[in-house]
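Structure first, commentary second.
If you read the sequence from its start, that first residue is 1, and numbering goes on from there. Just so you know, these numbers use all the heavy atoms, side chains as well, and skip hydrogens, waters and symmetry mates.
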Amino acid sequence: QVQLVESGGGLVQAGGSLRISCAGSGSIFSISAMGWYRQAPGKERELVAAISVGGSTYYADSVKGRFTISRDKAKNTLYLQMNSLKPEDTAMYYCAASLTRRTIVKDAMEYNYWGQGTQVTVSS
């Protein structure tokens, strides 16, 4: 059974930075397309960033230039570096893995495994 565990969330002031991590069991990071989603209260879940097995990346327009997704296959860990944070970035952040896809995955239905989430709160 694949497990994904997020960490690193917290409270940060607007303009600050935060790096969240997603640790996975086994060697799924070498064969899985991965993604970071977020969901704020009363809003739909949205894709923030995604990375292919080959390292190609995708970012939502709202975070482009501020967030960076990366992966360390040796450590089975996915990261999301978040800079210039804004209050509207406040949400629960989830990592996801697709064991059937190797390219960028934008459809949440194509992710097979999800973490439990880590809360990011940006104060104004």
Side-chain angles (χ1 to χ4, degrees):
Q1 181 71 17
V2 174
Q3 286 189 320
L4 301 175
V5 180
E6 300 96 335
S7 62
L11 175 63
V12 63
Q13 288 188 332
S17 298
L18 204 60
R19 188 179 78 162
I20 57 177
S21 304
C22 171
S25 60
S27 59
I28 64 169
F29 285 80
S30 63
I31 62 172
S32 305
M34 306 286 296
W36 283 102
Y37 279 78
R38 67 185 180 188
Q39 186 167 21
K43 295 187 176 182
E44 292 187 354
R45 179 176 53 185
E46 63 172 344
L47 177 64
V48 174
I51 188 167
S52 71
V53 171
S56 299
T57 56
Y58 162 85
Y59 298 95
D61 288 341
S62 58
V63 306
K64 200 172 294 183
R66 300 188 298 122
F67 289 13
T68 302
I69 187 172
S70 63
R71 66 201 298 169
D72 187 328
K73 294 180 181 179
K75 295 182 179 180
N76 287 336
T77 303
L78 180 73
Y79 301 100
L80 186 68
Q81 176 67 44
M82 302 181 289
N83 299 327
S84 302
L85 283 161
K86 305 175 181 179
E88 50 264 43
D89 294 318
T90 295
M92 185 72 79
Y93 284 70
Y94 301 90
C95 67
S98 172
L99 297 186
T100 56
R101 293 284 302 275
R102 297 176 66 82
T103 57
I104 295 290
V105 177
K106 299 181 183 179
D107 185 348
M109 295 298 291
E110 294 193 80
Y111 285 103
N112 309 106
Y113 297 98
W114 295 81
Q116 84 291 347
T118 187
Q119 178 68 37
V120 173
T121 303
V122 184
S123 62
S124 58

Rounded to the nearest 0.5 Å, the CZ atom of Arg101 sits from the CG atom of Asn112 at a distance of 10.5 Å

Quick one: do Val48 and Trp114 end up in the same hydrophobic cluster if we chain Ile, Leu, Val, Met, Phe, Trp and Tyr together by side-chain heavy atoms under 4.5 Å apart? no

Distance col, row Ser32:OG vs Arg102:CZ, nearest 0.5 angstrom, shows 9.0 Å

Nearest 0.5 Å, what's the OH-CG distance between Tyr58 and Leu47? 5.5 Å

Same cluster or not: Tyr37 versus Tyr113, using hydrophobic residues (I, L, V, M, F, W, Y) connected whenever any side-chain heavy atoms lie under 4.5 Å apart? no

Does Arg45 have any side-chain hydrogen bond (donor to acceptor under 3.5 Å, both in side chains) partners at least two apart in sequence or in another chain, and if so, which? none

May I ask you to test the Arg38-Ser62 pair for a side-chain heavy-atom distance under 4.5 Å? yes

Does Tyr93 reach the main-chain N or O of Val120 with its side chain, forming a donor-acceptor pair under 3.5 Å? no

Quick check for you: to the nearest 0.5 Å, what is the distance between Thr121 atom OG1 and Leu11 atom CG? 6.0 Å

Verify the cluster assignment for Met34 and Phe67: are they in a single hydrophobic cluster under the rule of side-chain heavy atoms below 4.5 Å apart? yes

Among the clusters formed by ILVMFWY side chains lying less than 4.5 Å apart, do Tyr94 and Val105 turn up in the same one? yes

Would you list the atom pairs, donor with acceptor, under 3.5 Å between side chains in residues 81-88 and any protein atom, with sequence neighbours excluded?
unit_1: Gln81; atom_1: NE2; unit_2: Asn83; atom_2: OD1; d: 2.9
unit_1: Asn83; atom_1: OD1; unit_2: Ser17; atom_2: OG; d: 2.9

Please say yes or no: joined through hydrophobic side-chain contacts below 4.5 Å, possibly via intermediate residues, are Tyr111 and Val53 part of one cluster? no

NZ on Lys64 to OG1 on Thr57, rounded to 0.5 Å: 9.5 Å

Under 3.5 Å, side chain of Tyr59 to main-chain N/O of Ile69, donor-acceptor pair present? yes

Hey, what do you get for OG1 (Thr118) to CE (Met92), rounding to the nearest 0.5 Å? 7.5 Å

Taking the side chain as everything from C-beta on, heavy atoms only, tell me whether Ile104 gets closer than 4.5 Å to Ser52. yes

Is it the case that the side chain of Gln13 and the backbone of Ser123 share a donor-acceptor pair, with hydrogens and angles ignored and the cut-off at 3.5 Å? no

Expected output: side-chain Glu6 to main-chain Cys95 donor-acceptor under 3.5 Å: yes

